[in-house]
Amino acid sequence: MPETTSGALITAPAITQTAERLLQRLEWRVLRRLDGLLQGDYRTLMRGAGIDLADLREYQTHDDVRHIDWNVTARLSTPHVRVFTEDRELTAWFLLDLSPSVDFGPPGHSKRDQLTGFVGVLARLFTRRGNRVGAVLHAGAGRDRTLPARSSRAHVLQLLHLLMGNNAARQRPAEKTAQGTTQLHHLLESAQGLLRRRSTVFLVSDFMSDPGWERPLAQLAQRHDVVAVRLLDPLELALPDIGLVWMRDPETGERLHVDTRSSGFRKRYARLAAEREEQLRANLARAGVDTLELATDDDLLDSMMRFLALRGLRSAQPARLANSRH
């Protein structure tokens, strides 16, 4: 990556305020408008876990096969599924990749800034309605920190404080070199053991990781409602002609002097980036998770509205299919 990282979030010009002031800003600029979009009802977008059996009905396309009642199916010779009453309480977990590569981006709008804003908005959205949120902060090399799931504004403030003051963001280059590459599979495997109850899970990462995360992500999605929030910066996809620049691997600290005036180099860079994009999106689709792409030049509210519209369409799909049968 070109060396244009913003440094630690705590020193970025746009976010030098306290966690309290940051949360107030998010509540005023983003959360109020989201409330209007959701009209006070987010249950079709973020579903709780059901525990009480409410009814039995015929199996429909996109029903969860784990809810098939095999005794009734055998007796009636038609597949039937159990319908559950949803819990009123929803638990959301944030699995947060805080490895050095998420510091990349313009000052005040780095990938880490987008991560912090996204988490702050959704955590407050959930806790205002009495639901609980928890988080696992993954800085690599075994430096994970778990914040238990609780429901309060003070809890959201504690989470934002941890994100703003995370020590991994302020490591010196020598320490980054010693850290090595990100291994997301460790975070996902830890989550499988941590999350005992069905939850809504947000994996927030730039996915600049060693291979091996695909299988544990798919396994996590089999039990939980998982959303992959992918952080990215436009410079990771294409380079402008800015002359001779130093590029540094944010994970290892390795540096390389390149000439961006070369059209051949820029084309190879864009081609490799496009190939990585295609492979990443294919892996996420195979894992069976919804994906939100959050770029550093995106408006946070616009990105979340696009995502919520996608979730609304996904939730309405089974109902439309069922109606088409009659």
Side-chain angles (χ1 to χ4, degrees), residues 9 15 19-20 22-49 88-98 102 111-138 146-164 166 187 191 195 197-206 220-221 224-231 289-296 298-312 314-315:
L9 175 65
I15 46 174
E20 173 69 41
L22 174 60
L23 184 55
Q24 288 177 348
R25 180 166 63 96
L26 293 172
E27 288 173 333
W28 179 257
R29 295 184 180 181
V30 182
L31 202 54
R32 289 178 66 222
R33 293 177 64 185
L34 276 180
D35 277 340
L37 173 69
L38 297 177
Q39 297 179 338
D41 181 13
Y42 58 94
R43 301 201 62 75
T44 59
L45 301 172
M46 309 298 173
R47 302 184 65 84
R88 293 186 178 275
E89 181 183 90
L90 178 148
T91 301
W93 279 89
F94 297 96
L95 308 182
L96 305 177
D97 173 11
L98 301 180
V102 302
K111 290 187 285 186
R112 183 182 290 266
D113 297 335
Q114 291 290 65
L115 176 151
T116 302
F118 175 83
V119 171
V121 168
L122 273 189
R124 189 65 188 121
L125 178 67
F126 290 140
T127 57
R128 286 196 315 170
R129 291 169 170 81
N131 299 298
R132 301 186 304 153
V133 298
V136 180
L137 283 63
H138 177 71
T146 300
L147 191 65
R150 296 192 178 93
S151 175
S152 69
R153 190 175 189 276
H155 184 62
V156 177
L157 284 171
Q158 182 184 6
L159 175 55
L160 289 177
H161 177 75
L162 289 174
L163 291 175
M164 295 173 70
N166 185 265
L187 172 61
L195 307 185
R197 180 179 179 179
R198 178 174 169 81
S199 305
T200 297
V201 179
F202 297 91
L203 171 62
V204 190
S205 173
D206 58 10
L220 194 68
H224 305 279
D225 180 15
V226 180
V227 179
V229 183
R230 190 271 181 100
L231 307 166
V289 301
D290 281 342
T291 302
L292 168 64
E293 292 189 347
L294 208 56
T296 57
D298 275 346
D299 177 79
L300 178 60
L301 176 62
D302 290 344
S303 298
M304 295 189 69
M305 289 177 68
R306 291 196 304 269
F307 169 67
L308 292 173
L310 169 66
R311 297 282 284 188
R314 175 72 63 85
S315 298

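Starting from 1, each residue takes its place in the sequence as its number.
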Using salt bridge (Lys or Arg N to Asp or Glu O under 4.0 Å) as the criterion, list what pairs up with Glu293, not counting sequence neighbours.
Arg230, Arg281
Heavy-atom closest pair (Arg29 atom, Leu301 atom, distance to 0.1 Å) is O-CD2, 4.4 Å
Under the salt bridge (Lys or Arg N to Asp or Glu O under 4.0 Å) test, residues paired with Asp299 that sit two or more places apart
none
For Val289 and Ala228, the nearest pair of non-hydrogen atoms, with its separation, is CG2-CB, 4.0 Å
In a check of side chain to side chain contact (heavy atoms under 4.5 Å, CB included) between Arg132 and each of Ser199, Pro148, Ser151, Ser152, which one passes?
Ser151
What verdict does the side-chain contact (heavy atoms from CB on, under 4.5 Å) test give for Trp93 and Leu195, after you've listed the backbone C-alpha separation in whole Å, the side-chain angles of each residue and the deciding distance to 0.1 Å?
CA-CA 8 Å; Trp93 279 89; Leu195 307 185; 3.3 Å; yes
So Val133 and His155, side-chain contact (heavy atoms from CB on, under 4.5 Å) or not? Walk me through it.
CA-CA 8 Å; Val133 298; His155 184 62; 3.8 Å; yes
Under the salt bridge (Lys or Arg N to Asp or Glu O under 4.0 Å) criterion, do Arg25 and Glu20 qualify, and how do the steps go?
CA-CA 9 Å; Arg25 180 166 63 96; Glu20 173 69 41; over 6 Å; no
Closest contact, heavy atoms only, Leu292 versus Ser303
CD1-O, 3.4 Å
So if I apply the salt bridge (Lys or Arg N to Asp or Glu O under 4.0 Å) rule between Glu27 and each of Arg128, Arg124, Arg33, which one comes out positive?
Arg124
Of Leu115, Leu147, Leu122, Val136, which meets side chain to side chain contact (heavy atoms under 4.5 Å, CB included) against Phe94?
Leu122
Please test Thr291 against Val227 for side-chain contact (heavy atoms from CB on, under 4.5 Å), starting from the C-alpha separation and ending with a verdict.
CA-CA 6 Å; Thr291 302; Val227 179; over 6 Å; no
For Ala191 and Leu95 the tightest heavy-atom approach is CB-CD1, 3.7 Å
Asp206 and Arg112 ion-paired at < 4.0 Å:
no
So, for Phe202 and Ala92, which heavy atoms are closest and what is the spacing to 0.1 Å?
CE1-CB, 4.4 Å
Chi angles and distances behind the side-chain contact (heavy atoms from CB on, under 4.5 Å) call for Leu26, Leu22
CA-CA 6 Å; Leu26 293 172; Leu22 174 60; 4.2 Å; yes
What distance do Phe118 atom CZ and Leu96 atom CG have between them, rounded to the nearest 0.5 Å?
9.5 Å
Nearest 0.5 Å, please: how far is CG in Leu294 from CZ in Arg306?
8.5 Å
So, the side chain of Gln24 versus the backbone of Ala19: is there a donor-acceptor pair under 3.5 Å, distance only?
no
Scanning both residues in full, the closest heavy-atom pair of Leu137 with Ala135 reads CD1-CB, 3.9 Å
